[in-house]
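Working notes, structure below.
Hydrogens, waters and symmetry mates play no part in the numbers below; they use all other heavy atoms, side chains included.
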Amino acid sequence: MTDPVLLICIADDEMDLPGYGDVTDAFPEGPDDERSALTRKPRHASELPKMAPPASDCYQMNRARQGTAIIFNNKKFDPRTGFGERKGTDKDAQNLYSLLTEMGFTTVLRNDCSTGDMISTLEKVARDDHNDADCFVCAILSHGEEGTVYGYDGSVAVERLVTPLKGNKCLSLAGKPKIFIIQACRGGKLDEGQDMEVPDAIGVGPMEPDAMEVEEPVIRRIPAEADFLMAYSVVSGFYAWRNMDEGSWFVQAVCKVLRENWKRMDLLTMMTRVCRMVAFDFESCHKQAAMSGKKQVPCITSMLTRDVYFSPKK
């Protein structure tokens, strides 16, 4: 196990602290017709609708371009928000810009955006043509609370930012990975950590594919909420930590793990390693004793329906 890295950090809020017949679970006692539908005998196979052929386990990632990546780097805020400057965020933005560009994304960096700017930027992205792109990435570096992040002038719901990119809104990104990397607090709790002996697990993982199968196009109804990965810097309710010189713990780990592994490893495996790195290798060192010795673990919420293996683009 690597030794903990002790960093002089501030919390990211920078507060001065001392088959058929299915019914929803919402209606367990449905009307008689719903209950009778559940007890009907299965129809003969010839009566059932024809299903699409099995899908590949991997998203198709061999189109002309990797896709667009947007980075919102919010460092300064209107004094009326009560937030100070997020020192160290420029390091995060620089590292993410370098990484995503290296991975083949067309990367756009936006600094100190208002909530309106953030919304309009993503609405414009949703109107763009992504038919020749493999995926989309959005990184948000800002202050935050549970369910919201901050623009220069105030807060905006994460859901409001995500909505324009959903499968029923942006058709050229439907069925493709949409990845959100969010460095922001999600509450005001501190993770005290727990001293314990953790064994180093050693195992052999599954073989990685030498090439990804390209499927014939199939018309298929998919959920509008599918194909998103939300990578939060911290679990719900807690502070996220940021070093004023080196950047946030989370973005440091994302950049290190992806830079070393993106050509050979799938996204969720890489994000698991990011979680381990943040959880094991970082610990707060603060001028206030009550803020020192604190820990953090990211939260990766996946609605992906296949594995994401990034394909190098020339």
Side-chain angles (χ1 to χ4, degrees), residues 7-18 69-97 107-125 137-164 180-191 230-252 254-255 278 282 284-292 294 296 298-299:
L7 301 172
I8 300 175
C9 302
I10 55 176
D12 212 20
D13 270 73
E14 292 192 303
M15 299 181 67
D16 296 325
L17 299 175
I70 305 291
I71 302 171
F72 293 112
N73 178 38
N74 293 338
K75 179 179 181 178
K76 298 179 180 179
F77 298 84
D78 188 308
R80 289 174 294 183
T81 65
F83 289 122
E85 184 175 302
R86 297 182 61 253
K87 297 177 181 177
T89 191
D90 289 339
K91 185 78 169 182
D92 282 346
Q94 177 186 351
N95 287 339
L96 278 172
Y97 187 95
T107 311
V108 178
L109 174 61
R110 300 291 306 277
N111 292 308
D112 298 333
C113 291
S114 68
T115 57
D117 289 338
M118 297 171 74
I119 292 169
S120 62
T121 296
L122 292 177
E123 287 179 341
K124 180 183 181 303
V125 168
V137 173
C138 178
I140 302 172
L141 314 175
S142 190
H143 291 298
E145 297 167 353
E146 181 54 43
T148 67
V149 291
Y150 275 79
Y152 169 81
D153 56 345
S155 65
V156 60
V158 173
E159 177 67 14
R160 178 67 182 86
L161 298 175
V162 169
T163 294
F180 280 75
I181 299 169
I182 302 176
Q183 166 58 39
C185 288
R186 300 180 69 189
K189 293 192 288 186
L190 294 167
D191 192 331
M230 309 297 294
Y232 294 97
S233 58
V234 70
V235 295
S236 177
F238 283 81
Y239 280 117
W241 289 89
R242 170 172 36 84
N243 182 270
M244 290 186 288
D245 295 320
E246 298 301 322
S248 66
W249 300 358
F250 178 57
V251 175
Q252 286 184 63
V254 167
C255 291
V278 174
F282 292 87
S284 67
C285 180
H286 196 274
K287 61 184 178 182
Q288 297 185 39
M291 300 289 282
S292 288
K294 308 307 177 189
Q296 176 182 328
C299 177

Exercise for review: Would you tell me whether Gln296 and Tyr239 have side-chain atoms, one donor and one acceptor, within less than 3.5 Å of each other?
Suggested key: no

Review point. Do the side chains of Asp191 and Val235 get nearer than 4.5 Å, heavy atoms only?
Key: no

Point to revise | Heavy-atom side-chain contact between Val254 and Gln183 under 4.5 Å | key: no

Point to revise | Mutual orientation of the aromatic rings belonging to Phe77 and Tyr150 [parallel < 30°, tilted 30-60°, perpendicular > 60°] | key: perpendicular

Study note, to complete from the structure: Scanning both residues in full, the closest heavy-atom pair of Lys294 with Met291 reads CG-O, 3.4 Å

Revision key, fill the gap. Output for pair (Arg86 CZ, Lys75 NZ), nearest 0.5 Å, gives 10.0 Å

Review point. How far apart are the closest heavy atoms of Ala290 and Leu190, and which atoms are they?
Key: O-CD1, 4.0 Å

Check your understanding: Is it true that a side-chain atom of Glu159 and a backbone atom of Gly147 form a donor plus acceptor pair closer than 3.5 Å?
Key -> no

Point to revise | Evaluation steps, side-chain contact (heavy atoms from CB on, under 4.5 Å), between His143 and Thr81 | key: CA-CA 10 Å; His143 291 298; Thr81 65; over 6 Å; no

Review point. In Å, rounded to the nearest 0.5 Å, how long is the span from OG of Ser248 to CG of Asn95?
Key: 9.5 Å

**Study point:** Note, Leu161 side chain near Ile119 side chain (heavy atom, < 4.5 Å)
**Key:** yes

Review point. Are Cys113 and Asn74 side-chain neighbours, meaning at least one heavy-atom pair lies under 4.5 Å?
Key: yes

Review point. Looking only at heavy atoms, what is the nearest atom pair of Val278 and Trp249, with distance?
Key: CG2-O, 3.9 Å

Point to revise | Asp90 side chain to Asn73 side chain, donor-acceptor N/O pair below 3.5 angstrom | key: yes

Point to revise | Check: Ser284 side chain, His286 main-chain N or O, donor-acceptor pair, under 3.5 Å | key: no

Exercise for review: Compare every heavy atom of Glu246 with every heavy atom of Asp92, then report the nearest pair and how far apart it is.
Suggested key: OD1-O, 4.3 Å

Review point. How many angstroms lie between atom CZ of Arg110 and atom CD1 of Ile140, to the nearest 0.5 angstrom?
Key: 13.0 Å

Study note, to complete from the structure: For Leu122 and Cys138 the tightest heavy-atom approach is CD2-SG, 4.2 Å

Practice item. Answer yes or no: is there a side-chain heavy-atom contact under 4.5 Å between Val149 and Met118? Key: yes

Check your understanding: Between Tyr152 and Asp117, is any pair of side-chain heavy atoms under 4.5 Å apart?
Key -> no

Exercise for review: Would you give the length of the straight line joining atom OG1 of Thr89 to atom CZ of Arg242, rounded to the nearest 0.5 angstrom?
Suggested key: 6.5 Å

Check your understanding: With distance as the sole test, does Asn243 use its side chain to make a donor-acceptor pair with the main-chain N or O of Gly88 at under 3.5 Å?
Key -> no

Point to revise | Side chain Arg186, main chain Val234, donor-acceptor under 3.5 Å | key: yes

Exercise for review: Write down the atom of Leu96, the atom of Ala139, and the distance for their closest heavy-atom approach.
Suggested key: CD1-CB, 3.9 Å

Study note, to complete from the structure: Rounding to 0.5 Å, atoms CZ (Phe83) and SG (Cys185) come to a distance of 8.0 Å

**Study point:** Ser233 (side chain) donor-acceptor with Ala184 (main chain) under 3.5 angstrom
**Key:** yes

Check your understanding: Do Ser114 and Asp153 have side-chain atoms, one donor and one acceptor, less than 3.5 Å apart?
Key -> no

**Study point:** Leu141 vs Phe250 side-chain heavy atoms within contact, under 4.5 Å
**Key:** no

